[in-house]
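Keep in mind the model is a prediction, meaning the values are calculated, not measured. Heavy-atom basis, side chains included; hydrogens, waters and symmetry copies ignored.
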Amino acid sequence: MKPTDKQIATLQQYLKKTFKYKESREEVIDHIICALAHHPDNSSFEDAVNNIIRNDFGGHHNLEKVEKGIKEAVSADTYKRFRIYLIDLLRLPALLYLAGLAIAIYAFYSMVNLPPLVLKASVLVVVFVPSLIALFRFFYMGYITGDKSRSVRDVLFGSMAWEPMVVFGLITVSIPMAFNHINEIWSGHYPSLTTLCMMAALVYNIGIIKLCKSEVKLMKEAN
């Protein structure tokens, strides 16, 4: 059986109401369409789809568990690739470039006496970059696919983008408690701490950029 465009559209509408994420919908639709090829042409489309959902996914009531499994698989794959990108940055020759950059940043913060607010802002700007990348990625992916419905990867990217902001907030609030003055960490007298914050943010940003580029490439190939 080969479903018509109208039948596929009806199936998509049903699965949009059933699933939260488009990855789940796309994977289940692809599976059902492939499975329909083994059903005779004179059989009922609705009955064939119901049989596939019951036999291959455990029934309509089990689709929520199916989506949970798909979400976990997508999440595991995304974080795995992100960890690989970060680990690669800590290997030669990338590690040498990072070391050179760290020395340059340390020298700059040691020689230039920036006001505390400017010093804090310089790190905050770099920490905020993943949020801008996540926003760009959301609209660009929607442009490529023509589908702006909710995605597991969009949710993951949003979470990963905000994690550096949370860490920055914790550093800003908690670490200064060890000093006599709340802003002493940003006074310019501790360039090593500022350099460490900046380098951690830069490495994280590079990993995010690499992950975003790989997903854009995969999405272009799929379309």
Under the side-chain contact (heavy atoms from CB on, under 4.5 Å) criterion, do Thr78 and Val152 qualify, and how do the steps go?
-> CA-CA 10 Å; Thr78 301; Val152 174; over 6 Å; no
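Residues that satisfy the side-chain hydrogen bond (donor to acceptor under 3.5 Å, both in side chains) test with Ser151, not counting sequence neighbours, are Glu23. With sequence neighbours excluded, the residues forming a side-chain contact (heavy atoms from CB on, under 4.5 Å) with Ile209 are Ile133, Lys213, listed by chain and number. Residues satisfying the side-chain contact (heavy atoms from CB on, under 4.5 Å) criterion with Leu92, sequence neighbours excluded, are Leu95, Leu96. With sequence neighbours excluded, the residues satisfying side-chain contact (heavy atoms from CB on, under 4.5 Å) with Phe128 are Ser131, Leu132, Met165. The side-chain contact (heavy atoms from CB on, under 4.5 Å) search around Ile206 returns Leu89, Lys210, not counting sequence neighbours. With sequence neighbours excluded, no residue forms a side-chain hydrogen bond (donor to acceptor under 3.5 Å, both in side chains) with Asn62.
Listed by first and then second residue, the ring pair (Phe, Tyr, Trp, His ring centres under 6.0 Å) pairs involving residues 2-31 are Tyr14-His60, His31-Phe57 (not counting sequence neighbours). Residue pairs meeting the salt bridge (charged side-chain N to carboxylate O under 4.0 Å, His left out) criterion with at least one member in residues 58-80, sequence neighbours excluded: Asp77-Arg81. Listed by first then second residue, pairs satisfying salt bridge (charged side-chain N to carboxylate O under 4.0 Å, His left out) with a partner in residues 27-40 number zero, not counting sequence neighbours. Legend: ring pair (Phe, Tyr, Trp, His ring centres under 6.0 Å) pairs involving residues 71-99, not counting sequence neighbours, sorted by first then second residue: Phe82-Tyr204. The salt bridge (charged side-chain N to carboxylate O under 4.0 Å, His left out) contacts involving residues 33-51 comprise nothing, where partners must be two or more places apart or lie in separate chains. Screening residues 97-115 for salt bridge (charged side-chain N to carboxylate O under 4.0 Å, His left out), with sequence neighbours left out, gives no hits.
Here the closest heavy-atom approach between residue Pro130 and residue Ala161 is recorded as O-CB, 3.4 Å. Between Pro40 and Ser43, the shortest heavy-atom contact is O-OG, 2.7 Å. Counting all heavy atoms, side chain and backbone alike, Pro191 lies closest to Tyr109 at CB-CB, 4.0 Å. In plain terms, the two heavy atoms of Val126 and Asn205 that are nearest each other are O-ND2, 2.8 Å. Shortest non-hydrogen contact noted between Ser75 and Leu156 is CA-CD1, 3.5 Å. Closest approach of Ser24 to Ile70, counting heavy atoms only: CA-CD1, 3.8 Å.
Put simply, the side chain of Arg25 reaches to within 4.5 Å of the side chain of Ile29, judged on heavy atoms. Proximity of Gln7 to Leu11: side-chain heavy atoms (C-beta onward) are nowhere separated by under 4.5 Å.
Taken together through direct or relayed side-chain contacts under 4.5 Å among Ile, Leu, Val, Met, Phe, Trp and Tyr, Val155 and Ile208 form part of one hydrophobic cluster. A chain of hydrophobic side-chain contacts below 4.5 Å, direct or via other Ile, Leu, Val, Met, Phe, Trp or Tyr residues, connects Trp162 to Leu124. Note on Val123: it does not cluster hydrophobically with Leu196, by side-chain heavy-atom contacts below 4.5 Å among ILVMFWY residues. Cluster membership check: Ile84 does not share its hydrophobic cluster with Phe157, using side-chain heavy-atom separations under 4.5 Å among Ile, Leu, Val, Met, Phe, Trp and Tyr. Tyr106 and Val203 end up in different hydrophobic clusters when Ile, Leu, Val, Met, Phe, Trp and Tyr side chains are linked at under 4.5 Å.
By the neighbour-count criterion of 12 heavy atoms within 6.0 Å, atom CG of Asn55 is densely surrounded, having more than that number from other residues, nucleotides or ligands.
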